[in-house]
Amino acid sequence: MKCKKVKRIIIGLLAVTSAFSLAACGSGNQDYMDHTVAKYHPQGASVAIIENGQITEVKNYGKANVEKNTPVTDKTTFKVASISKVVTAYTVMHLVDEGKLDLDKPIATYLTRWQLPPSTYDNDKVTLRTLLSHTSGVSGSDEKYTKPYPDIATALNEKNIHLIREPGEVFKYSEFSGLGICQLVVEEVVGERFEDYVTQNVFQKLGMNDTSYSDESTGDCTLATPYAGFGEPIAVTHYVMAGAAGVTTTSSDLAKFVIALMDYYNTDTEMFQVQKNAQTDLGACCLGIFLQSLADGGRIYEHNGTFTGWNAQFVFEPDSRNGMVLVTNSD
């Protein structure tokens, strides 16, 4: 991960964790949220507060499109970048629960349309567990594509994904390729396009009716315009590796997903267990999600999403079932 991105993630995490205990207490601390948003001057932002497992408040700020003077509303959608990885992890874990996937089988077990090339490292150690905990050792990739966009198997071949270290030994955050491979595994097992499967089996089941993998406004929702730097509007980037970065959602829909994560936490799942060799400066990596320890001894789970023109963050405390979501269309 580039130093600039690491810095942005840390700044975002510090802002959210310092605000968490205040914001999750309810609207009495709304002035604090107003002050925080005003401090960072986003073009637009939306915040959802979760108390005791329920969405208690949604607050919108600024413009979805400055040039058209379009305000952010409850129906404004945002790209949430790497928070998409948590959605993919949640999808994979439910397929594990159903006995359709195994966290520790080599990914080659499931793949027919693409395979890791031979290497001096042990390809069989590349599993869903190492991919979701960012310890797989696979090389990185970018997301520069032009229409017509390739399918995920073609994209993995085009980007020459390969092993650059022994799997399972070192944490190295994978921006695209690791979760792109998970995306292909899901497609191979369920026999349909990843985006379609997740929409039907996650978004629709959770009532996330304003969430998709679309790069455009859909239905009665308006996709915000992303703004780079000090307010320059930019085009929306298409992510072929949608499992790593493709989700488009509202703050309230993302809060519904966070509540689903809280519910899933209370099942017999490995998703929220810290993984081997996955301790990092950004927290302890579980399966697609990070565990943070607070100064008061509390523990929270969180994930950040940040690309040029977009920033997003969610955080929740499983014991109190309090949490918050923040999405913006700004750097």
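Under 3.5 Å, the side chains of N277 and T135 contain no donor-acceptor pair of N or O atoms. T130 and S136 form no side-chain donor-acceptor contact under 3.5 Å, judged by distance and modelled atom types alone. Counting only N and O atoms by type, the side chains of N304 and Q313 include a donor and acceptor under 3.5 Å apart. With hydrogens and angles left out, the side-chain atoms of N311 and T306 include a donor and acceptor closer than 3.5 Å. Side-chain contact, D151 with T154: a donor N or O sits under 3.5 Å from an acceptor N or O. For K85 and S82, the side-chain atoms include at least one donor-acceptor pair closer than 3.5 Å. Donor-acceptor pairing under 3.5 Å is lacking for the side chains of N60 and T73. Between the side chains of D97 and Y264, at least one donor N or O lies within less than 3.5 Å of an accepting N or O. Judged purely by distance below 3.5 Å, without hydrogens or angles, the side chains of S46 and S251 pair a donor atom with an acceptor atom. With 3.5 Å as the limit, one finds a donor-acceptor pair spanning the side chains of R129 and Q275. In this structure, a donor-acceptor pair under 3.5 Å is absent between the side chains of D210 and T250.
Applying the 4.5 Å side-chain rule to ILVMFWY residues, one finds that V170 remains a lone member of its cluster.
The existence of a salt bridge linking K276 and E169 is excluded, since no basic side-chain nitrogen approaches an acidic carboxylate oxygen closer than 4.0 Å. Between K125 and E166 there is a salt bridge, with a side-chain nitrogen of the basic residue lying less than 4.0 Å from a carboxylate oxygen of the acidic one. Using a 4.0 Å cut-off between charged nitrogen and carboxylate oxygen, K59 and D34 count as a salt-bridge pair.
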Test log, rule side chain to side chain donor-acceptor pair (under 3.5 Å), inputs D104 and T127:
CA-CA 5 Å; D104 297 309; T127 64; 4.6 Å; no
Passes side chain to side chain contact (heavy atoms under 4.5 Å, CB included), F257 versus M208? Steps please.
CA-CA 8 Å; F257 179 67; M208 298 169 64; 3.8 Å; yes
Evaluate the criterion side chain to side chain contact (heavy atoms under 4.5 Å, CB included) for residue pair L132 and L179; output intermediate values, then yes/no.
CA-CA 7 Å; L132 292 174; L179 275 292; 3.8 Å; yes
Anything under 3.5 Å between a donor and an acceptor, one on a side chain of residues 182-194, the other on a protein residue two or more places apart or in another chain? List them.
unit_1, atom_1, unit_2, atom_2, d
Q183, OE1, A242, N, 2.9
Q183, OE1, G243, N, 2.9
Q183, NE2, V240, O, 3.3
E187, OE1, R113, NH1, 3.0
E187, OE1, R113, NH2, 3.4
E187, OE2, F194, N, 2.9
E188, OE1, T112, OG1, 2.9
E188, OE2, T112, N, 2.7
E188, OE2, T112, OG1, 3.2
E188, OE2, R113, N, 2.9
R193, NH1, D196, OD1, 3.3

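Side-chain contact between K172 and R165: present, with at least one pair of heavy atoms (C-beta onward) separated by less than 4.5 Å. Side-chain contact between I289 and E302: absent, with no pair of heavy atoms (C-beta onward) separated by less than 4.5 Å.
Taking CG of D142 as the start and CD of E175 as the end, the distance is 10.0 Å to the nearest 0.5 Å.
The two residues M262 and I50 have their closest heavy-atom pair at CE-CG2, 4.0 Å. Heavy atoms only, all atoms of each residue included: A235 and P226 are closest at O-CG, 4.0 Å.
Note on ring orientation: taking the six-membered ring where Trp is involved, the planes of F78 and W310 are perpendicular (angle over 60°, cut-offs 30° and 60°). Using cut-offs of 30° and 60° on the angle between ring planes, the pair F314 and F316 is parallel.
Atom CD of Q273 has more than 12 heavy atoms from other residues, nucleotides or ligands within 6.0 Å.
Taking the six-membered ring wherever Trp is involved, the centroid distance between the rings of F272 and Y301 falls below 6.0 Å.
For residues 227-242, the set of pairs meeting the side chain to side chain donor-acceptor pair (under 3.5 Å) definition, not counting sequence neighbours, comprises E67-Y227, D215-H238.
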